[in-house]
There are 2 protein chains.
Amino acid sequence: MIVTNIENQELTIENKIEKVFDMEQCENVLCPIKDILAHLGDKWSIFTILALGQVKVARFNELKKQVAGISQRMLTVTLRSLEENGLVSRQLFPEIPPRVEYTLTSLGHSLLGQMLQLAEWATSHRDEIDEARKKFQEKKLVF
Amino acid sequence: MIVTNIENQELTIENKIEKVFDMEQCENVLCPIKDILAHLGDKWSIFTILALGQVKVARFNELKKQVAGISQRMLTVTLRSLEENGLVSRQLFPEIPPRVEYTLTSLGHSLLGQMLQLAEWATSHRDEIDEARKKFQEKKLVF
DNA sequence: CGGTATCCCGTGTGATACTG
DNA sequence: CAGTATCACACGGGATACCG
């Protein structure tokens, strides 16, 4: 029974892969996966989403402190991109001085869940990766 | 009861975020998440892993066909990086003509699961993202 | 405060040619 | 077949200065 379960799971993985590759066959940039991953895969998007997941609501400069290391320019660019893709909502209060508040949309919050899983994977397999790197370096030294 | 469940889940997410941000406080590149995501976040790594998940074992040029669009150079670079991080194993057969076989390691297979979830997320939220983009374009046209 | 505009450099990546 | 080497170049992204 257990074996059957494993086999079933393997089949599911295979099916998922097939689906992914079916979608990928579109040649141009319209391929959704390529496209979406290209937008959300860069580190600034990831960290901005994580930051907004933590503080819920943030103004521009608050966010800039949170993300730590990001330049003003890249924060602007990243936020625009996230807004364009419906992950972040931007609310402007026409006061003086101007105030702008950023929050995650429900879609953004949904993506946050994925990001967290990836982050969890990264941390939980950190040691294995470190070890693999050391082995690789040793191999290189042999030659 | 349902409300309690949701609250508990929210708390878990918050806790996860805190953990992630705790780890992120290291300033240099050694921060595991930044580091690992930087290596595995780029599209060629993702597609190569997906391809290897599909074909299980592949030689260099087979893989090149599978990934579709990748240059010889980038496939080499990507495979070296994946090998260095313990996700892909490379077996060289010293024949003439030479033969090299690439497969996913168990670590790579584990990451494949994550990739698939991300891909699934991307496809299942494709419409929402498209709609958000259209709205954003309309907004821009107003000004 | 919350941007935009401009400049500029380093790196990532494709194309091409060569090798064991 | 499975790469390496080299060049060329677009683009990401930092620094700086200015605007509403």
Side-chain angles (χ1 to χ4, degrees), chain A residues 27-29 31 34-35 37-48 51-52 55 57-85 88-103 136 139-140 143, chain B residues 27-29 34-35 37-48 51-52 55 57-85 88-103 136 139-140 142-143:
Chain A
E27 300 202 349
N28 48 23
V29 200
C31 170
K34 269 185 190 171
D35 185 35
L37 287 184
H39 276 273
L40 311 177
D42 69 298
K43 61 174 180 178
W44 294 135
S45 294
I46 293 174
F47 288 122
T48 304
L52 273 176
V55 299
V57 180
R59 302 177 60 173
F60 188 87
N61 280 330
E62 287 171 7
L63 215 45
K64 190 160 178 293
K65 283 177 197 166
Q66 279 290 321
V67 177
I70 196 171
S71 68
Q72 191 176 31
R73 187 181 121 86
M74 286 319 294
L75 183 54
T76 302
V77 171
T78 302
L79 283 171
R80 287 287 175 281
S81 164
L82 292 176
E83 190 194 353
E84 177 164 4
N85 288 277
V88 160
S89 81
R90 174 184 189 268
Q91 190 170 10
L92 165 68
F93 299 88
E95 310 167 355
I96 293 179
R99 182 159 58 100
V100 180
E101 287 185 354
Y102 293 94
T103 59
F136 191 83
K139 262 193 188 174
K140 282 179 70 176
F143 295 94
Chain B
E27 301 202 350
N28 48 26
V29 200
K34 271 186 188 171
D35 184 35
L37 288 184
H39 277 272
L40 312 177
D42 69 300
K43 61 175 180 177
W44 294 134
S45 294
I46 293 175
F47 288 123
T48 304
L52 274 175
V55 299
V57 179
R59 303 177 59 170
F60 189 87
N61 281 331
E62 286 171 6
L63 215 45
K64 191 160 177 292
K65 282 177 199 166
Q66 279 290 321
V67 177
I70 196 169
S71 66
Q72 190 174 33
R73 188 182 121 83
M74 286 319 295
L75 183 55
T76 302
V77 172
T78 302
L79 284 171
R80 287 289 175 280
S81 164
L82 293 177
E83 189 193 354
E84 175 163 8
N85 289 277
V88 161
S89 81
R90 173 183 190 272
Q91 191 171 7
L92 165 68
F93 299 87
E95 311 167 354
I96 293 180
R99 180 160 58 100
V100 180
E101 287 184 353
Y102 294 95
T103 58
F136 191 83
K139 262 193 186 173
K140 282 178 73 176
V142 175
F143 296 95

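A, B, ... follow the sequence lines: proteins, then strands. Residue 1 opens every chain.
A salt bridge is absent between A:K64 and A:E62: the closest approach of a Lys/Arg side-chain nitrogen to an acidic carboxylate oxygen does not fall below 4.0 angstrom.
Without hydrogens or angle criteria, A:S81 side chain to A:V77 main chain gives no donor-acceptor distance under 3.5 Å.
With hydrogens and angles left out, the side chain of B:Q72 and the base of C:dG14 share no donor-acceptor pair within 3.5 Å.
With rounding to whole Å, B:R90 atom CZ is found 7 Å from D:dT4 atom P. A straight line from NZ of B:K64 to P of D:dA2 spans 12 Å, rounded to a whole angstrom. If you measure from atom CD1 of A:I70 to atom P of D:dG13, you get 9 Å, rounded to the nearest angstrom. Across the protein-nucleic acid pair, B:D42 atom CG and C:dG12 atom P stand 10 Å apart, rounded to whole Å. Taking atom CD of residue B:E83 and atom C1' of nucleotide D:dG3, one finds them 13 Å apart after rounding to whole Å. Computed from coordinates, the A:L63 CG to C:dC1 P distance equals 15 Å when rounded to whole Å. Atom NZ in A:K65 sits about 10 Å away from atom P in C:dG2, given to the nearest Å. Protein atom CD of A:E101 is 13 Å distant from nucleotide atom C1' of C:dC1, rounded to whole Å.
Between D:dC1 and B:Y102, no contact under 4.0 Å exists linking OP1 or OP2 to a side-chain N or O. B:R59 has a side-chain polar atom (N or O) that falls below the 4.0 Å cut-off from OP1 or OP2 of D:dA2. Residue A:R73 places no side-chain N or O under 4.0 Å from the OP1 or OP2 atom of D:dG12.
Tested against A:Y102 for a side-chain hydrogen bond (donor to acceptor under 3.5 Å, both in side chains), the candidates A:E83, A:Q91, A:R90 yield a single pass: A:R90.
For B:P98, whose side chain is taken as the heavy atoms from C-beta onward, the closest listed nucleotide among D:dA2, C:dG3, D:dG13 is D:dA2. In the set C:dG14, C:dT4, D:dG14, the nucleotide with an atom closest to the side chain of A:R80 is C:dT4.
Residues B:V67 and B:A51 come closest through the heavy atom pair CG2-CB, 4.0 Å.
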